[in-house]
Every structure is written in structure tokens, then in C-alpha cells.
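Report on the following structure.
For ligands, and for the atoms within them, numbers begin at 1 and follow the listed sequence.
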Amino acid sequence: MINDFDLSMTILELKDYNIYIGQTGRELSEIIENGHYSKVAILADENTDRLCLPVLAKKLNIDFNIIKIPAGEIHKNLNTCRYIWEQMMLAGMDRHSLLINLGGGVAGDMGGFCAATFLRGIDFIQVPTTLLSQVDASVGGKLGIDFNLIKNSVGVFKNPQAVFVDPEYLKTLPYNEVRSGFAEVFKHALIADADLWNDLQTINDFAEVDWSPVLARSLRIKKAVVEKDPFEKGLRKALNFGHTVGHAVETFSLKTDQPLLHGEAIAIGMVCESWLSHVEGNLSEKALNGITDFIKRIYPSYIFEKNNFSEIMGYMKKDKKNRSGKINFRLL
Ligand code: NAD
């Protein structure tokens, strides 16, 4: 399935770093050796420490320290950063040290932020282990943490030395996390690659997907967009398709006993914003139905009451993309 080219290792070259897609091999060791780092530490959360570190450790023939943090978005905060910086100091890391972030978007965003600020910035490598972080969070240089309950409100832009996207890690990822990350995969297809979109329609079972070519094709789109617009001044906003409604539904759901994962909420947002693209733009009814049917096939329905609508609208009114009080959507 989606096996249109052989990929033992695909390398996407960006201006100042590479993304390696496929089974992690000698390239990682070479980068570390060539960097002549005085210390190397791996940041992992409690799950990736248990499930992913054994996979990564086999590929490294160097000594490293492990910095282990609790898993989950609620820990993407200043307290955890303080712990990470302390551990880096205790390990004797200096400006010529390297931090490898092994985990999903939380470890990548927060580990990258800690590396970018420790001693005014040390090198870091991203080893994303969720589908969402492999196709989205690990690329584009956005790093940060949540502060005062506002998501990603403190952070910096800084690129890693390299990103290693290895589908091996997806084998232990829970099904709902794979499904959540998959929303970003087909979002990339919808905004930029009709062929990929058509190929994704053939997927029936995530366990059978040959992920490397899918990851490569999805990442090519993200790469092209972030290279043209690294600081989100224009084109990069296209990646926000589905996110105005999606973020509002996500925020709403987090207060209920049925919290949605990010990608699950974005999938709902993509249904709504595809409809808007049809009503307000040029998206055909056939395309709209195709998108809606596909999403409904993969994601369960999410029911909310009519009287919840004003609360969800309220969240949309606070969206970062709004200008002059008007809600902004990135439509197809
Ligand atoms: P996450 O990092 O919390 O990972 C989800 C869960 O999966 C965690 O419990 C984690 O421990 C577990 N896990 C990770 N890899 C695993 C594996 N291989 N096997 C088993 N369990 C595994 O969440 P996420 O969805 O990866 O990322 C969400 C974060 O990414 C959010 O904080 C979001 O703001 C951020 N994000 C950043 C960008 C960006 O451009 N920087 C883009 C999108 C999202």
C-alpha cells in the first residue's frame, strides 16, 4: 500500500539540517561523532523511556545520560523545564553538549526549548516517536511550552541538528494516537497533494500501512511550506486548515469527560472547514462529500448539544489567527 518508491532511507534536505526517514542507521552516529560533543543526554518521557529508548540505544555506541520526564501535555510547563535544565547541569553538560529528544510533540517541543535556552543554546536532535510529531511537530523549528494554561505561549524558533523519523516507533503507539496523528497526514495531502490524498483513501488498517513512504510524502509538503515561510508570516498559515474549528472543539472537549486528542479534533475541524470551503469557495460538492465520508470512516462521531455551540464559537473568537475581531479560516 502506498509503496510507489523504495525507501530504505529517504533524506529530505532543508537549509540547515536534514530529515532522515526510515530505519535509523549510521547517519545518527555520524552526526554525533562529527559533532565531537562533550556530553550527550537523551530526554524521554516515562513511556518513550520504556518503549522507545531500547530501540534507539541499540543504534548508539556512545555513553549518554537519560533525563526522564512524566508523560503528557500537563507536564509541558516551566516546572518540567526547570527539572530538565537542572538535570543537564547535574550531568555536567556544557555548550558543546547535545540533547536528543525522544518522544512525541511534548518531549520535542519542550526538550528543544530547553536545549535552545540552556547556556544560550546547545545542539539538539529530534527523534519523534508519535505519528503527529513525525509528520508535524518535529519539523519547522517551533519550540516551547504551555504557560499560565495557554498552549505554546512561551517559546522560540530554532532548528535541530537533524530529525530522525523512524516508523519502528509507531509499533508501540496506541491506536488512538496513530489515528490522531493521521489527521495531520491527510491535512497535508488535502492542502497540497491530490495524489497522496487519493492513495490515503486505500488505507483500511493502520497496522498494515508501510509508513516510510507515507511519512516521506507528508513531510515533503511540510518541508516545502516551512522553508518558504519559516516564521509563519504567510504561506505557513495554510497548515492551519481545520484548526480554527478544530482547536475550539478540542478546548471544549478537554473540559468534558470525553476529551479529544488533537488530531481527532482537527479531523472534526476539517469536516467543518471543508464545508465552508464549499459554501464560501470553490470546493466541489463531490470533493466535500469525499472528504467527509473519509473522515467519518476513520473517526467516531463526536456529539455535543446545540446549547454548547455558543461556547465553541467563543473559543473560535479567541483564535490566534483572528484579525480585527473577525474569525479567520484557512480554507481549501
Ligand atoms: P505526546 O508527546 O504527549 O505523546 C502522546 C502520548 O504518546 C504520550 O503519552 C507519550 O508518552 C506516548 N508515546 C509517544 N511515543 C510513543 C510510542 N512510540 N509508543 C507508545 N507511546 C508513545 O503528544 P503528541 O501528540 O506527539 O504531540 C502533541 C504536542 O505537540 C502538543 O504539545 C502540541 O502543542 C505539539 N505540537 C507542536 C508542533 C510544532 O510545530 N512544534 C506542531 C504540532 C503539535
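Residues forming a ring-ring contact (aromatic ring centres under 6.0 Å, His included) with Phe206 (at least two apart in sequence, or on another chain): Tyr175, Phe182. Shown here are the ring-ring contact (aromatic ring centres under 6.0 Å, His included) partners of His243, two or more places apart in sequence or in another chain: His247, His262.
In this structure, the separation between CZ on Arg26 and OH on Tyr20 is 9.0 Å, given to the nearest 0.5 Å.
Ser218 and His188 are linked by a side-chain donor-acceptor pair at a separation below 3.5 angstrom, with hydrogens and angles left out of the test.
For the side-chain hydrogen bond (donor to acceptor under 3.5 Å, both in side chains) test with Asp109, the passing option among Lys76, Lys142, Gln126 is Lys76; the others fail.
Ordered by chain and residue number, the residues placing a heavy atom less than 4.0 Å from ligand 1 are Asp45, Asn47, Thr48, Leu51, Cys52, Ala71, Glu73, Lys76, Gly104, Gly105, Val106, Asp109, Thr129, Thr130, Leu132, Asp136, Ala137, Lys142, Lys151, Asn152, Tyr169, Thr172, Leu173, Pro174, Glu177.
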Distance-only donor-acceptor pairs under 3.5 Å for side chains of residues 50-72, two or more places apart:
from  : atom 1 : to    : atom 2 : distance (Å)
Arg50 : NH2    : Asn47 : OD1    : 3.2
Lys59 : NZ     : Thr24 : O      : 3.4

